[in-house]
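The figures here come from the full heavy-atom set of this structure, side chains too, leaving out hydrogens, waters and symmetry mates.
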Amino acid sequence: MGDTVVHLHKNTSPPAEPAAVTTLTVVPDPAPPAPVPLWVRSGRTVKAAVTHERTKTTGRAVARHSLYVAGGARIVARRTWDGKTAARYERFMRAAEAAGNMDAAMEWEERAQRYRDARHRRRMDLLHSPLDAAKGVAVGTGMGIGSLVALGIVMAIANKDVTDVVTPIAAVIEFINLLITIVQVVWGPLISLGPFLALLALWAVGSKQQAAPAWAMPANVRSSEGEPITPSIVVKALRDLGVPALRNAIKEMGDAGASMLGPIRIAGCGVEVDVTLPSGVSTIEVQNRRRKLAENLTRHEHEVFITIPQAARTVRLWVADSGALDEPIGPSPLVTDETMTADYAKGRAPWGQDLRGDAASLSLYQRHLLITGLSNQGKTVALRSLALWLALDKSVEFWIGDLKGVGDWNMFDGLAARLIQGPTDEHVIQVTEMVEDAVEEMNRRIQAPPGTQFPALIVIVDEAQMAFMCPAKDDEKRPYGGSKATSRYFMAVRKIHNQGRAVNVLMWQGTQDPTDQNLPKLVREGAHTRASLALGTESQARMALGDKAVDGGAAPNLLRPGLDQGTLVLASSGIAIPAGQASITVRTHYIDDDAAEAIVDRAKALRDGVTTLHAIESGEDRDPLADIAAVLGDAARVLTADVLKRLTALNADAYGRWTPGDLKRVLEDAGAEPYKSDGRMVVGRDRVARALANRDTDGSASDSEQREAHPSRAREAGRTP
């Protein structure tokens with residue numbers, strides 16, 4: 001009888017009688033769980049045993065060594081067939097025809113014909129060989145017996161025993177008898193062991209050639225990460241690419257598939273090889289299978305680049321050493337060489353390294369620039385590094401608008417003539433007006449006498465998509481953003497693209513995630529140098545670099561966001577690009593903020609001092625003497641022509657029409673007249689400072705100074721400045 005559990009429950013309800021009542025409740029044990037059927041337990045055990053790693057390893061080993069025998073038999077059969085027939089010559093001949101090398105095809109055909117002729121002679125000789133062999137045996141036997149008899153006669157004479165005449169013949173007969181006995185003893189075991197020895201030989205051949213599928217190989221063999229690139233590996237990778245025409249052509253070529261390959265050259269941190277594709281296979285079929293090709297070469301997708309050289313039906317493969325692209329390339333020469341200077345017209349900016357490991361330097365002379373890419377890929381650093389190099393040419397002037405406004409361009413304060421930083425619509429308006437001022441400067445230079453030389457004016461707008469997408473409108477209802485003819489920013493950039501390079505007024509733009517809305521077609525196609533970091537889609541890559549570059553193999557959309565920071569694809573006439581390619585991949589140097597500030601300090605030391613304007617002001621009364629003091633900066637004296645230029649940059653409305661006479665009159669009225677230094681008129685900082693100190697106690701400009709600042713007001717007052 002099963003055990004029971006007795007529970008005592010005390011009744012806590014109000015008692016009906018004086019004594020408490022206790023009740024007994026019998027609760028049976030819960031039913032035991034049903035036993036697991038034997039077949040279920042057996043199935044689980046079998047499954048665990050089958051899926052165990054040791055079982056898998058053992059199964060792969062058995063399959064591998066069995067397949068070694070089959071693979072070895074196939075290899076031996078193929079070698080035997082090649083040795084007995086002209087199949088080898090036929091394969092070489094087809095390979096040469098597929099590669100379009102008809103001279104080599106004719107040579108292999110001649111070799112095949114010579115082989116057939118020699119084989120025919122050997123077969124004809126076999127018809128006469130039995131008779132010749134019989135004659136040879138008869139002659140040899142007779143000569144042998146005669147020699148033995150002669151030897152026996154000599155022995156008989158020497159020993160004076162006539163029985164020694166047959167001694168040599170008897171010794172030979174005994175030796176032959178011994179050989180027969182040995183063969184009789186060995187023949188049986190040899191017949192038994194022969195098949196096993198043959199299988200062992202086939203296994204040895206298959207093992208040496210690794211004639212087993214990849215799934216059966218041990219883990220250390222299957223994982224061939226980083227193995228060197230050889231012709232056979234490249235041919236196998238192309239054969240398994242999934243292009244039927246290519247696979248069939250390589251099968252016909254056999255081992256001669258390597259004839260498709262040019263020499264494998266060491267190129268930087270990888271190797272480079274040109275592949276001439278067979279007839280019927282297009283280069284786009286290989287380009288579209290970049291990932292599969294990389295995996296066939298035991299590389300990651302970003303470690304294989306496919307470009308199209310000039311030769312027809314040819315693709316150029318660059319295969320990186322495993323993991324090499326994840327290593328830094330080292331500091332910029334701008335950081336390591338403190339004596340470096342720049343030359344806008346003849347120099348080249350050290351930007352980084354190409355995939356071959358060679359220095360990649362870019363000419364900036366009269367070239368508009370566009371750099372694009374996803375956020376946080378190094379776009380600003382790449383753009384800024386070019387400006388840092390060019391800043392070491394003291395003749396170059398910078399106007400910078402940073403619509404991100406997080407301080408990436410702070411170090412240019414005191415170097416750039418204009419520096420506007422901020423993400424708001426007001427900052428976009430100010431940047432737009434800055435670009436429009438650059439258009440006016442361009443027009444002024446165009447109207448100058450022929451042959452006039454102008455220093456470079458670089459207008460930089462970082463995060464330019466903010467300007468194109470700005471919804472703000474001016475008083476005349478003209479939008480600042482957009483891509484229509486009424487857009488102020490769009491039209492200003494287009495005008496600089498059209499005519500600016502001729503007078504060294506250049507537009508540099510950096511933008512994110514290009515689309516038709518935030519980077520209009522006419523603007524992106526107006527840039528002479530177009531570079532792109534990692535992008536999301538091929539359509540964006542075409543917007544960034546153009547159809548020609550993408551069709552030629554440029555693929556910034558295949559760069560890894562977040563991992564390939566600073567790596568960009570570049571299409572420009574300002575950089576050395578291998579013949580036949582439309583673009584080049586560059587790994588740019590990283591210059592951090594501290595290093596950038598040190599470079600800017602060196603650039604400032606080359607200049608007399610620059611007053612940076614942080615906002616564009618217009619429409620209000622000015623204090624000319626105070627503005628003159630501001631534009632002089634820390635320089636002891638500045639040429640009057642430079643003072644006029646700086647005043648114009650400060651406020652074109654107030655000072656854009658000033659002449660040297662206007663400047664002279666304002667300074668003379670204040671008692672700080674210009675003077676000659678080294679034969680040229682200059683404005684002295686000390687004189688202007690004394691004039692400001694001796695001015696009215698309230699520090700406000702006098703009425704005469706106000707009239708000097710605004711020629712229209714002066715004319716209204718009866719005085720023409």
Side-chain angles (χ1 to χ4, degrees), residues 391 393-400 410-420 434 437 441 444 454-458 600-618 620-702 704-711 721:
D393 184 342
K394 64 180 181 180
S395 66
V396 177
E397 183 177 354
F398 293 94
W399 293 3
I400 301 174
N410 275 343
M411 65 286 301
F412 279 81
D413 193 358
L415 178 65
R418 301 189 183 187
L419 178 60
I420 301 170
M434 178 186 75
D437 288 347
E441 172 64 14
R444 183 187 69 81
F454 299 102
L457 171 59
I458 309 298
V600 169
D601 289 340
R602 286 158 42 197
K604 290 179 180 178
L606 301 175
R607 291 166 166 78
D608 293 331
V610 176
T611 300
T612 299
L613 179 66
H614 295 89
I616 300 174
E617 302 172 355
S618 60
E620 73 275 9
D621 291 339
R622 308 292 306 180
D623 183 348
L625 190 60
D627 287 345
I628 293 171
V631 300
L632 290 176
D634 296 332
R637 54 184 177 273
V638 179
L639 295 174
T640 55
D642 290 341
V643 173
L644 285 173
K645 289 170 58 178
R646 295 180 184 183
L647 287 172
T648 301
L650 181 65
N651 192 302
D653 291 342
Y655 304 111
R657 298 182 182 180
W658 269 35
T659 65
D662 299 329
L663 177 62
K664 181 180 179 181
R665 266 191 294 273
V666 170
L667 293 174
E668 286 178 346
D669 290 344
E673 61 277 358
Y675 61 94
K676 280 191 175 183
S677 175
D678 295 331
R680 304 181 70 181
M681 295 299 296
V682 298
V683 178
R685 182 190 61 190
D686 294 340
R687 293 190 180 188
V688 175
R690 284 196 301 271
L692 281 173
N694 296 332
R695 216 168 50 168
D696 296 338
T697 56
D698 61 356
S700 61
S702 63
S704 62
E705 290 169 343
Q706 291 288 348
R707 286 194 297 270
E708 296 291 352
H710 297 278

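Scored by the side chain to side chain contact (heavy atoms under 4.5 Å, CB included) test, V610 finds R607 as partners (sequence neighbours excluded). By the salt bridge (charged side-chain N to carboxylate O under 4.0 Å, His left out) test, D627 is found to be paired with R622, residues two or more places apart in sequence or in another chain being considered. Looking at residues two or more places apart in sequence or on another chain, you find a side chain to side chain contact (heavy atoms under 4.5 Å, CB included) between R687 and A672, E673, Y675, R690. The salt bridge (charged side-chain N to carboxylate O under 4.0 Å, His left out) check on R444 picks up E441, with sequence neighbours excluded. Residues forming a side chain to side chain donor-acceptor pair (under 3.5 Å) with D642 (at least two apart in sequence, or on another chain): none. Residues that satisfy the salt bridge (charged side-chain N to carboxylate O under 4.0 Å, His left out) test with K664, not counting sequence neighbours, are E668.
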Evaluate L625 against L667 for side-chain contact (heavy atoms from CB on, under 4.5 Å), listing each step before the verdict. CA-CA 7 Å; L625 190 60; L667 293 174; 4.2 Å; yes
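Closest approach of T648 and R418 over heavy atoms only: O-NH2, 3.9 Å. Shown here for K604 and D413, the closest heavy-atom pair between the two residues is NZ-O, 2.8 Å. Here the shortest heavy-atom pairing between T612 and A416 reads OG1-O, 2.6 Å. Taking every heavy atom of both residues into account, T640 and L663 meet most closely at O-CD2, 3.9 Å. Across every non-hydrogen atom of A629 and L692, the tightest pair is CB-CD1, 3.5 Å. Contact record, A603 with A391: CB-O, 3.4 Å, taken as the closest heavy-atom pair.
Side-chain N or O atoms of R680 include none that pairs as donor or acceptor with a backbone N or O of L639 at under 3.5 Å. Here the side chain of D669 pairs no donor or acceptor atom with the backbone of V666 at under 3.5 angstrom.
With values rounded to the nearest 0.5 angstrom, L613 atom CG is found 7.0 Å from I420 atom CD1. Note that OH of Y655 is 11.5 Å distant from CG of D662, once rounded to the nearest 0.5 Å. In this structure, I628 CD1 and L644 CG are separated by 8.5 Å, a value rounded to the nearest 0.5 Å.
Looking at I458, L419, D437 one by one, the single match for side-chain contact (heavy atoms from CB on, under 4.5 Å) with W399 turns out to be D437.
Atom CZ of R646 is surrounded by more than 12 heavy atoms from other residues, nucleotides or ligands within 6.0 Å.
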